[in-house]
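The structure appears below as structure tokens.
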Number of protein chains: 2
Amino acid sequence: MSKTKRTPTSDAVAILHRRYYEGRPERLAALEEARANDNVARKITTLRLQTGLTQRQLAKLVGTTASVICRLESADYEGHSLAMLQRIADALKQRIEIRFVPASKRLQHV
Amino acid sequence: MSKTKRTPTSDAVAILHRRYYEGRPERLAALEEARANDNVARKITTLRLQTGLTQRQLAKLVGTTASVICRLESADYEGHSLAMLQRIADALKQRIEIRFVPASKRLQHV
DNA sequence: CATCATGTTCGCATATTTGAGAACATGCGT
DNA sequence: ACGCATGTTCTCAAATATGCGAACATGATG
């Protein structure tokens, strides 16, 4: 990726990512901080920021509005549906993985 | 700019898969979603059977009825909500893990 | 200060999921 | 054949998520 001449791309996500992060270390720092968390809301936020999208941009990709994205990224929002997560994952070129793991796996607040 | 030479194959499934999905991101997305739904449905069924429960028993634990469980275990059901998955996971002493993974991660052909 | 981009919250209409009960199909053991 | 457990499908009401626009707060920039 250190070529002087950039690889031409039609990938909107890549373009936006470049535009948002290039030469802006503080934004990357904010990203690092968010990475530690693991609830769905934060995952969406983290992924969106990693991709360099604003809420409105992601909303457009997903086919909804900014207020909906904001709602989904709210930490206390419990109403996620798999359908919406899929739509978001698609927009961010990800896929969803859902696993059931035994509850007694030492990761809990014991 | 299409490849003039394709990797030869005698795999009819692969041929049809290619013919149907190549360059059709919408279809790929639909496939992904269908696969995810199927996985979730099957995971619930597997987990329920491993625990030795009938649909009605699990329904009671979850606080709903057998028809709902049956619906959730149907492969083509797309209406999963995280709230319901959580309830099922709780009843089966599991916890839900949701991950976004890059879509380019070599989707194994089906 | 003025303007713009961004995130946020609110309200309400629409769409979708859930809750529940009934009915039916199948298999299994008596 | 019968009874019974299990899974399945159907229909409806109720609960919940989404769609969408408006308005507001804040920070950055001209």
Side-chain angles (χ1 to χ4, degrees), chain A residues 12-13 15-31 33-34 37 39-92 96 98, chain B residues 29-30 33-34 36-38 40-92 96 98:
Chain A
V13 169
I15 293 173
L16 289 167
H17 175 76
R18 218 161 48 202
R19 183 173 305 164
Y20 194 76
Y21 279 105
E22 221 166 39
R24 267 161 269 219
E26 74 282 359
R27 282 174 176 167
L28 287 169
L31 193 64
E33 183 201 5
N37 302 296
N39 63 55
V40 173
R42 286 183 196 270
K43 279 179 179 175
I44 294 176
T45 304
T46 301
L47 214 51
R48 175 175 63 80
L49 293 178
Q50 279 178 350
T51 316
L53 295 172
T54 67
Q55 290 182 339
R56 280 174 176 77
Q57 289 169 327
L58 175 58
K60 189 159 211 169
L61 284 180
V62 169
T64 181
T65 57
S67 59
V68 172
I69 300 297
C70 181
R71 189 162 49 197
L72 293 173
E73 290 186 2
S74 168
D76 59 327
Y77 182 70
E78 299 283 339
H80 299 282
S81 74
L82 231 49
M84 180 56 86
L85 292 186
Q86 286 283 357
R87 287 166 59 189
I88 295 195
D90 288 345
L92 298 176
I96 297 284
I98 294 176
Chain B
E33 188 175 346
N37 289 333
D38 181 67
V40 171
R42 209 179 329 214
K43 279 175 182 173
I44 294 176
T45 303
T46 300
L47 218 50
R48 176 176 62 81
L49 293 178
Q50 280 177 354
T51 318
L53 295 173
T54 67
Q55 289 184 339
R56 280 174 177 77
Q57 289 171 329
L58 175 58
K60 191 157 211 171
L61 283 180
V62 169
T64 181
T65 57
S67 60
V68 173
I69 300 297
C70 181
R71 188 163 49 196
L72 293 174
E73 291 185 3
S74 166
D76 60 325
Y77 181 68
E78 302 189 352
H80 299 282
S81 76
L82 232 49
M84 179 56 85
L85 293 185
Q86 286 284 0
R87 288 166 59 189
I88 297 211
D90 288 347
L92 297 175
I96 297 283
I98 294 178

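Just so we're on the same page: letters track the sequence lines, and every chain starts at 1. This structure is a prediction, so every number in the text was calculated from the model and none was measured. Keep in mind that the numbers below use all heavy atoms, side chains included, and drop hydrogens, waters and symmetry copies.
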As an exercise, state the distance from [atom1] of [X] to [atom2] of [Y], rounded to the nearest 0.5 Å.
| X | Y | atom1 | atom2 | value |
| --- | --- | --- | --- | --- |
| Leu92(B) | Leu61(B) | CG | CG | 7.5 Å |
| Arg87(B) | Ser81(B) | CZ | OG | 8.0 Å |
| Ile69(A) | Lys60(A) | CD1 | NZ | 13.5 Å |
| Leu85(A) | Leu72(A) | CG | CG | 7.5 Å |
| Arg71(B) | His80(B) | CZ | NE2 | 11.0 Å |
| Arg56(B) | Thr65(B) | CZ | OG1 | 9.0 Å |

**OP:** Would you indicate whether the side-chain heavy atoms of Leu82(A) and Ile98(A) approach each other to under 4.5 Å?
**Re:**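 Contact flag for Ile98(A)/Leu82(A) side chains = yes.
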Grab the [atom1]-[atom2] distance between [X] and [N] for me, whole Å please.
| X | N | atom1 | atom2 | value |
| --- | --- | --- | --- | --- |
| Leu58(B) | dA5(D) | CG | C1' | 16 Å |
| Gln55(B) | dT6(D) | CD | C1' | 8 Å |
| Ile69(A) | dC10(C) | CD1 | P | 18 Å |
| Leu53(B) | dA5(D) | CG | P | 16 Å |
| Glu73(A) | dT8(C) | CD | C1' | 11 Å |

Original post:
Which nucleotides of nucleotides 10-30 of chain D have their base under 4.0 Å from a protein heavy atom (B), which only their sugar-phosphate (S), and which neither (-), written as one string 5' to 3'?
Top reply: B------SBBBB---------
**OP:** To the nearest 10°, let me know how far the axis at one end of the helix from dC1(C)-dG30(D) to dT30(C)-dA1(D) is tilted from the axis at the other, five pairs an end.
**Re:** 30°
For residues 44-53 of chain B, run the donor-acceptor check on the side chains, cut-off 3.5 Å, and write out each pair with its distance to 0.1 Å, sequence neighbours left out.
unit_1, atom_1, unit_2, atom_2, d
Thr45(B), OG1, Ala41(B), O, 3.1
Thr45(B), OG1, Glu73(B), OE1, 3.2
Thr46(B), OG1, Arg42(B), O, 2.8
Arg48(B), NE, Glu73(B), OE2, 2.7
Arg48(B), NH1, Leu53(B), O, 2.9
Arg48(B), NH2, Glu73(B), OE1, 3.2
Thr51(B), OG1, Leu47(B), O, 2.6

